[in-house]
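Okay, so here's the structure we're looking at.
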Amino acid sequence: MADQKYKTARQKPEYVYLDQLNVACKTYIVRVVVAEKGRDTLSSKKTVRFQTLLLKDEKGNRMRGTLFGDQIEAFEEALQYLGEYDISAAPIKFIDEKWRTELDQFPYQMAFGSRTVIQPVHPELGPIMPNYQPIASIPRTVDPDEKYDIVGVVLYVEEEPRKIEARDGKRESFVREIVVTDESCDQPLTISLWNDLTTPKFFDKLPNWAEAFQVIGFRALKPYTRRGFSMNSGMSTRIIYKPEGDRARELSDWANLFHQKILDRQTRVLEVKYPGENKKIVSIVELRRKKPSNTIQEELLWIEVTIQNAELEKVHAYTGCSNCWKRTNLPLQKRYSCTSCYKKECICTERTTFKFEASDGTGTMAFTTFNDDTERLFRRSAAEIYAIKEADDHNAFEAIQDMLSSKPFYIKVGPTSHLGQNNVLEWTLKGTSNQAKDANEKEKHQSMEQGNPEPVIPTPNMKGSSEKHTQDSPFTQTLELTQGDIESLKRKKALGKTPVQFQDEETEYEPPLSQFRAKKKLCFGGMTPEKN
């Protein structure tokens, strides 16, 4: 009888799945993969240091695991990102509802005590190293569960983090960009790093990015295809400043052999990131001659055009949200909560679009303007355009036709998202603005309007625990940014100085007054004044 009791007490643990675990489970074995491994994090009050893991079993069940304080270093090798383990005797703790996140499929989390046993399923494989891939080999079809490791040559590092508010206004995040390239793809890759990865402790290791082409690695990046193709950091992302392996060595050798090619790519990136006051004007035929290899996703150009055959039939008038322009069938001036932009105080108002062919003597291109741009183009409010369309008033539209066909105006164009996604160059009309605020910064903000892609992990409690079109100021002709300016910028960037600082220090040349004068032409913002 005593032997039987002893055998019962020492009963061999059985394999279970994560959905079978609860606080009462003491003797079990569960086989899991470390699907996510968060970074070392401080609680909001800076009193608790913790690291969050996301464990998955073969059925797809997931459970959060948490390491505290010195456990983070102690378990660094024992629980590796993407490693597969048999775990037994790990305490299962209840998570209070206020501490649960989107990671938590069940109201429990796994802790790691002194009796916890962690056994790797494939110990013969050794440490799990990054699987660096060429940029061109990363699929452009996004799988939310897929993450990729890359290694690249740094072309640009954003100076300071930018604050981004989520569309629902309930959360704010910080983002900072790094642009890299490699030999597999002409298009540079923009990597957006979020929140703790934007702090100086990560970026201080890149002080000479502008003149020394550093090769660095990134682990566990997520593709992002809303604006071309870029990548975001995630919960498991790590920046590796001295990457190792064959792929890293191959890229370093390429960077040494093709220095001028990398310099040309960096020059194009810097011209976009630091555009200056001038607007680069090209003809339609020059626009059509550009190739994907010498164009980048964020590039903006201007063309001077007229519209010879504007048609009222190509004007589309409708009622929509006063904030996001989403179509609605509600009565005009009706107040409502928009399900598209999540704004509670929206008004149903007049909205318009206009399809047209622009020409400049060298060729034609088809474009579509949306509401604000249509208003500036027609010199009419959306309500007036809506009334003309609803009344089918061709006499009123004839004055608009005459103006568009006789007075040249400037429109801003840029590549569609197909450039980054498919390496196909097509041009689309970009928005303009009368505001003094930098339109480039506004466009960056709108490109991140969804907010931080990483999950927000609260401090664990272990006690039972239609794209809006932005607008730019009217066109004014000024001097172009020269190659010498770009080289100077890179030298100053290496010294930690901003473009504003180096302008006063390095340039004493003042161009003739005649170079700043521009013809008076009809712009989306009105008549262009002469600049003194």
Side-chain donor/acceptor of [X] to backbone N/O of [Y], under 3.5 Å:
X	Y	answer
Ser322	Ile347	yes
Glu350	Thr319	no
Thr237	Ala220	yes
Asn371	Thr352	yes
Asp57	Val32	no
Glu146	Asp143	no
Tyr241	Gly217	no
Gln187	Pro292	yes
Ser233	Leu193	no
Thr369	Thr353	no

**Message:** Go through it in stages, so that I can follow the logic: the residues are Lys412 and Leu429, the test is side-chain contact (heavy atoms from CB on, under 4.5 Å), and I'd like the CA-CA distance, side-chain angles, deciding distance and then a yes or no.
**Reply:** CA-CA 6 Å; Lys412 181 169 60 174; Leu429 183 143; over 6 Å; no
Does the side chain of [Y] come within less than 4.5 Å of [X]'s, by heavy atoms?
X	Y	result
Glu177	Arg162	yes
Val424	Glu426	yes
Asp196	Arg39	yes
Trp325	Tyr318	yes
Tyr132	Ile240	yes
Trp209	Phe203	no
Leu55	Val34	yes
Leu221	Tyr148	no

Of all the heavy-atom pairs spanning [X] and [Y], show the shortest one and how long it is.
X	Y	answer
Asn323	Cys346	CB-SG, 4.3 Å
Ile138	Pro223	CG2-CG, 4.2 Å
Ile191	Ile150	CD1-CD1, 3.7 Å
Leu300	Gly414	CD2-CA, 4.3 Å
Leu206	Ile178	CD1-CD1, 4.0 Å
Ile118	Ala78	CG2-O, 3.8 Å

Looking at [X], I want to see if its [atom1] is surrounded by more than 12 non-hydrogen atoms of other residues, nucleotides or ligands under 6.0 Å.
X	atom1	result
Gln20	CD	yes
Glu390	CD	yes
Asp204	CG	yes
Arg140	CZ	yes

Distance in Å, [X] [atom1] paired with [Y] [atom2], rounded so as to fall on 0.5 Å steps:
X	Y	atom1	atom2	answer
Leu82	Arg219	CG	CZ	6.0 Å
Met110	Cys25	CE	SG	10.0 Å
Cys341	Lys326	SG	NZ	11.0 Å
Tyr156	Leu270	OH	CG	8.5 Å
Gln421	Thr141	CD	OG1	10.5 Å
Phe370	His316	CZ	NE2	10.0 Å

**Request:** Tell me, please, which residues at least two apart from Arg351 pass salt bridge (Lys or Arg N to Asp or Glu O under 4.0 Å).
**Result:**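 With neighbours one apart ignored, the set is empty.
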**Request:** Please work out which of the three classes, parallel, tilted or perpendicular, describes the rings of Phe112 and Phe75, given edges at 30° and 60°.
**Result:**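 Aromatic pair Phe75/Phe112 classed tilted.
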**Message:** Test side-chain contact (heavy atoms from CB on, under 4.5 Å) on Thr198 and Asn195; report intermediate values, then the result.
**Reply:** CA-CA 6 Å; Thr198 67; Asn195 294 328; 5.7 Å; no
Flag for [Y]-[X]: side-chain donor and acceptor within less than 3.5 Å:
X	Y	result
Asp86	Tyr15	yes
Glu58	Tyr17	yes
Thr66	Thr52	no

Can a salt bridge be assigned to the pair [X] and [Y] using a cut-off of 4.0 Å between side-chain N and carboxylate O?
X	Y	result
Asp246	Arg249	yes
Glu158	Arg176	no
Asp182	Arg247	yes
Glu36	Lys56	no
Arg49	Glu73	yes
Lys59	Asp19	yes

**Message:** Using salt bridge (charged side-chain N to carboxylate O under 4.0 Å, His left out), reason through Lys222 and Asp145 one step at a time and then give a plain yes or no.
**Reply:** CA-CA 8 Å; Lys222 299 178 180 181; Asp145 294 326; over 6 Å; no
**side-chain contact (heavy atoms from CB on, under 4.5 Å) partner of Val179, chosen from Arg265, Lys273, Glu298** =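 Going through the options one by one, the only one that passes is Lys273.
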**Request:** Could you walk me through whether Cys321 and Tyr336 pass the side-chain contact (heavy atoms from CB on, under 4.5 Å) test, one step at a time?
**Result:** CA-CA 9 Å; Cys321 173; Tyr336 69 105; 3.2 Å; yes
**Message:** Consider salt bridge (charged side-chain N to carboxylate O under 4.0 Å, His left out). Of Lys98, Arg64, Lys93, which one does Asp104 pass it with?
**Reply:**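 Option passing the salt bridge (charged side-chain N to carboxylate O under 4.0 Å, His left out) with Asp104: Arg64.
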**Prompt:** Step by step, would you call Tyr85 with Val33 a side-chain contact (heavy atoms from CB on, under 4.5 Å)?
**Reply:** CA-CA 6 Å; Tyr85 303 95; Val33 171; over 6 Å; no
**Request:** For this output row, return yes or no: ring centroids of Phe174 and Trp194 closer than 6.0 angstrom.
**Result:**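 They do not qualify: ring centres at least 6.0 Å apart.
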